Amino acid sequence: MKKIADILREKLEDGFERAGYDAKYGMVSVSNRPDLCQYQCNGAMAAAKQYKKAPIQIASEVIEQLKEDSSFKTIEAAPPGFINITVSGSMLAEMAAGMMREEKFGLEHTKAPKKVLIDYGGPNVAKPLHVGHLRPAVIGESVKRILRYMGDDVIGDVHLGDWGLQIGLVITEVKHRQPDLPYFDETFTGDYPEEAPFTISDLSEIYPYASSYSKEHEEYLLEAQQMTAKFQDGDRGCRALWDHILRVSIPNLKENYRKLEVEFDLWKKESDVQDYIPEMVEKMKADGVAHESEGALVIDVTEESDKKEIPPCIIVKSNGATLYATTDLATIVERETLFSPDQIIYVTDKRQALHFTQVFRAAKKAGLTKKETEFFFLGNGTMNGKDGKPFKTRDGGVLRLQQLREDVCQKVYEKIKVSRDYAEEEAREIAEKVGLAAIKYGDLSNQIAKDYIFDMDRFTSFEGNTGPYILYTIVRMKSLLSKYENEGGSLVPNGDPSLLLPPENGSETDLYLSLAKYADTMEAAYEEKAPHKICQFIYELSDSLNRFYHENKILSNEDEAKKQSYIQMLVLVKNMLEQCIYLLGFSAPERM
């Protein structure tokens with residue numbers, strides 16, 4: 001389905017051509033002066049240089065060719081040579097009718113769909129999710145949904161950390177607390193217990209304690225490092241404990257992500273790629289891609305265009321140990337082997353940009369993927385407290401993600417109970433949905449790379465540019481449409497385009513014009529991997545809808561044709577808002 005701007009461009013191109021000028025000057029854009037017009041063409045100014053005429057003269061000649069076209073309500077020349085366009089109500093109604101008739105509101109899929117693997121989440125087992133895990137999860141989930149919506153074949157991978165020092169720290173601390181367990185008896189040859197010697201609550205306390213203690217006690221850290229090496233070398237007892245850690249941690253992680261409405265297609269782990277490393281390293285050496293430097297094996301990744309030094313990518317340390325870069329490169333090998341993606345996207349803290357620059361360049365230099373495979377680093381800023389520093393608890397600790405979600409939902413629950421008399425169960429269910437919208441919209445409405453302040457009072461407000469405001473708008477429409485049906489009205493799921501009438505007043509027109517931005521918004525969100533574009537769109541659309549709602553009689557309208565047209569518009573806008581919030585990763589309740 002053609003966008004209004006594209007239809008206008010074709011008409012302006014024809015107008016320029018019929019007036020004797022090059023059609024290329026007929027480009028049309030949304031007006032930057034909405035008080036004057038809806039769309040504008042600035043081509044007459046550019047054409048003036050080529051044809052050595054006053055731009056206002058060229059603009060006037062072009063308009064003369066188009067003044068009878070019914071698509072324009074007005075088309076006027078303004079000094080020094082702007083062509084100001086206001087489209088006709090019939091054109092707006094035709095656009096909205098097309099959105100009702102066509103799948104995805106007439107949005108066209110990307111012309112070159114890709115197979116994309118998106119790496120987001122990135123939690124470590126044995127450690128509870130904290131607020132630092134929120135942004136990669138929320139952003140990655142939304143980007144995944146946007147790419148799928150536009151036609152890409154997308155695979156989401158959580159990429160669990162289960163091979164590093166945190167495992168050694170946990171096993172070391174378990175040994176200190178329960179030294180008599182059979183896992184630490186090297187003479188033990190029987191079967192290890194099926195039940196883990198710790199719960200998820202235990203792990204949530206064990207790892208932070210061991211991590212903190214190791215930073216203050218060098219001998220404890222050395223013991224944990226030795227335990228890590230022992231585990232990685234295949235020690236039977238360590239591997240059994242590691243298996244317990246996975247079986248206790250992963251269900252808990254899945255439940256936490258489920259409550260965030262974040263879904264991964266793959267639950268791959270660092271350990272899954274360890275078998276790829278020896279062959280990969282040997283090939284790098286044999287091909288001359290990697291070389292020794294001060295006892296370590298490295299790949300030089302500097303490029304002539306670099307404005308600052310990019311250090312070599314270290315593959316194997318001088319003591320023979322591998323690093324995160326090694327595992328990340330082996331993960332690329334596995335992904336190429338299993339999925340052969342056209343693009344791999346990594347969503348993580350922007351402070352890891354240098355690391356991924358090294359990894360991407362090393363992967364390309366070593367030929368780990370097809371030459372045309374794209375790597376894309378989507379680095380997110382931090383979520384900060386009102387002090388501008390990374391979000392902490394009152395006592396200075398790192399806030400757990402589960403606690404943040406529960407706190408926000410409780411805040412919403414308290415607001416709901418004050419303003420509405422709902423049964424307890426329903427109030428809690430509504431609070432869960434609205435609280436999640438508050439968190440996700442509060443995050444996604446910011447540009448990904450920017451830091452932002454987490455302001456619970458603002459994010460949970462039912463007014464302004466917030467998730468609850470968007471949901472309230474949707475629920476208001478649901479309620480009105482439900483009332484319409486209860487009064488005997490009949491609804492078509494996508495709206496009946498034959499009942500739409502051209503807009504007659506300002507609020508109607510603004511609502512149609514807001515709808516017209518849908519395709520451009522989705523295309524920009526897709527190309528730039530920018531969910532905040534969708535947030536901007538639905539806030540504007542919700543504002544337009546609420547003004548329309550307040551300024552026009554809908555169910556009580558005495559003009560039946562106008563009433564039916566209004567009802568169809570509400571169906572269309574509600575459906576579009578629901579589609580958009582799905583792409584952002586949340587949904588609306590039936591009541592609020």
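Note that this is a predicted model, so its numbers are computed, not measured. Only this structure's heavy atoms are used, side chains among them; waters, hydrogens and symmetry mates stay out. All residue numbers in this chain count up from 1 along the given sequence.
- Of the possible polar contacts, none joining the Asp520 side chain to the Lys517 backbone as a donor-acceptor pair under 3.5 Å is found.
- No side-chain heavy atom of Asp342 sits under 4.5 Å from any side-chain heavy atom of Glu374.
- More than 12 heavy atoms of other residues, nucleotides or ligands lie within 6.0 Å of CD in Glu424, so this atom counts as buried by the packing criterion.
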Q. Could you go step by step and tell me if Asp157 and Arg335 meet the side-chain contact (heavy atoms from CB on, under 4.5 Å) rule?
A. CA-CA 10 Å; Asp157 184 8; Arg335 287 169 175 167; 2.9 Å; yes
Q: Could you check Lys269 against Asp272 for salt bridge (charged side-chain N to carboxylate O under 4.0 Å, His left out), going step by step and ending with a plain yes or no?
A: CA-CA 5 Å; Lys269 309 180 294 296; Asp272 293 334; 3.4 Å; yes
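- Atom NZ of Lys283 is surrounded by 12 or fewer heavy atoms from other residues, nucleotides or ligands within 6.0 Å.
- Only one option out of Arg258, Arg405, Lys259 pairs with Glu432 in a salt bridge (charged side-chain N to carboxylate O under 4.0 Å, His left out); it is Arg405.
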Q: Decide side-chain contact (heavy atoms from CB on, under 4.5 Å) for Met383 and Leu134; before the verdict, give the C-alpha distance in whole Å, the side-chain angles of both, and the deciding distance to 0.1 Å.
A: CA-CA 9 Å; Met383 185 183 92; Leu134 176 68; 3.7 Å; yes
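- Other residues, nucleotides and ligands place more than 12 heavy atoms under 6.0 Å from the CD atom of Glu372.
- With hydrogens and angles disregarded, a donor-acceptor distance shorter than 3.5 Å links the side chain of Asp162 to the backbone of Ser271.
- Of the charged side-chain nitrogens involved, none lies within less than 4.0 Å of a carboxylate oxygen, so that Lys529 and Asp152 do not count as a salt-bridged pair.
- No side-chain N or O of Glu270 forms a donor-acceptor pair with one of Gln274 less than 3.5 Å apart.
- Between Pro182 and Pro193, the shortest heavy-atom distance links the atoms CG-CD, 4.1 Å.
- Checked by atom type, the side-chain pair Asn380/Tyr452 shows no donor-acceptor distance below 3.5 Å.
- Nearest heavy atom pair, residue Pro341 against residue Thr373, reads O-OG1, 3.5 Å.
- Of all heavy-atom pairs between Gly379 and Ile448, the closest is O-CG2, 3.6 Å.
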Q: Might you work through the salt bridge (charged side-chain N to carboxylate O under 4.0 Å, His left out) test for Asp349 and Arg135, ending with a clear yes or no?
A: CA-CA 8 Å; Asp349 193 304; Arg135 298 213 71 194; over 6 Å; no
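- Under the 3.5 Å distance criterion, the side-chain polar atoms of Glu261 are left unmatched by any main-chain donor or acceptor of Leu436.
- Ion pairing between Asp202 and Arg177 fails under the 4.0 Å rule for side-chain N and carboxylate O.
- Checked against the 6.0 Å centroid criterion, the rings of Tyr149 and Tyr582 do not qualify as a close aromatic pair.
- Although no hydrogens or angles enter the test, the distance criterion places no donor-acceptor pair under 3.5 Å between the side chain of Ser212 and the main chain of Pro208.
- Within the 3.5 Å criterion, the main-chain N or O of Val138 finds no donor-acceptor partner in the side chain of Ser142.
- Applying the side chain to side chain contact (heavy atoms under 4.5 Å, CB included) criterion to Glu279, with sequence neighbours excluded, gives no partner residue.
- Distance alone, capped at 3.5 Å, places no donor-acceptor pair between the Asn252 side chain and the Ser249 backbone.
- Side-chain contact annotation: Gln410 with Arg428, donor-acceptor N/O pair under 3.5 Å present.
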Q: Decide yes or no on side-chain contact (heavy atoms from CB on, under 4.5 Å) for Met227 and Cys238, but give the supporting numbers first.
A: CA-CA 8 Å; Met227 190 69 80; Cys238 288; 3.6 Å; yes
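- With Thr302 contributing its side chain and Ile310 its backbone, the two residues share no donor-acceptor pair below 3.5 Å.
- Contact check on Asp233 versus Lys230 returns no salt bridge, with no Lys/Arg side-chain nitrogen under 4.0 Å from an Asp/Glu carboxylate oxygen.
- Side-chain N or O atoms of Lys144 include one that pairs as donor or acceptor with a backbone N or O of Glu263 at under 3.5 Å.
- Remark: the Asn256 side chain and the His133 side chain contain no N/O donor-acceptor pair separated by less than 3.5 Å.
- Between the side chain of Ser214 and the backbone N or O of Ser211 there is at least one donor-acceptor pair closer than 3.5 Å.
- Ser340 and Lys370 share a donor-acceptor pair across their side chains, judged by distance under 3.5 Å alone.
- For Gln232 (side chain) and Trp163 (main-chain N/O), a donor-acceptor pair under 3.5 Å exists by modelled atom type.
- Remark: the Asp407 side chain and the Gln403 side chain contain an N/O donor-acceptor pair separated by less than 3.5 Å.
- For Glu429 and Lys433, the salt-bridge test fails: no basic side-chain N is under 4.0 Å from an acidic carboxylate O.
- When Phe376, Tyr346, Phe377 are each tested for a ring pair (Phe, Tyr, Trp, His ring centres under 6.0 Å) with Phe360, only one passes: Tyr346.
- Residue-environment remark: NZ (Lys417) exceeds the threshold of 12 foreign heavy atoms within 6.0 Å.
- Around the NZ atom of Lys317, the shell of radius 6.0 Å holds no more than 12 heavy atoms that belong to other residues, nucleotides or ligands.
- Tyr257 and Phe264 have their aromatic ring centers within a separation under 6.0 angstrom.
- Among the candidates Ile245, Asp243, Ile250, the single residue satisfying the side chain to side chain contact (heavy atoms under 4.5 Å, CB included) test with Arg247 is Asp243.
- Lys268 pairs by the side chain to side chain donor-acceptor pair (under 3.5 Å) definition with Glu334, not counting sequence neighbours.
- Between the side chains of Asn384 and Thr382, a donor-acceptor pair is found at a separation under 3.5 Å.
- At most 12 non-hydrogen atoms from other residues, nucleotides or ligands lie less than 6.0 angstrom from CD of Glu195.
- Screening residues 579-592 for salt bridge (charged side-chain N to carboxylate O under 4.0 Å, His left out) gives Glu426-Arg591, Lys478-Glu590 as the qualifying pairs, with residues at least two apart or on separate chains.
- Between His244 and Tyr183, a ring centre-to-centre spacing shorter than 6.0 Å is recorded.
- Across all non-hydrogen atoms, the minimal contact from Tyr120 to Gly156 is CE2-CA, 4.0 Å.
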Q.
side-chain contact (heavy atoms from CB on, under 4.5 Å), that's the test. Do Ile416 and Met592 meet it? Break it down for me.
A. CA-CA 7 Å; Ile416 289 172; Met592 275 176 71; over 6 Å; no
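- A donor and an acceptor atom, one from each side chain of Glu173 and Tyr207, are nowhere located under 3.5 Å apart.
- A salt bridge is absent between Lys411 and Glu414; no separation between the charged side-chain nitrogens and carboxylate oxygens falls under 4.0 Å.
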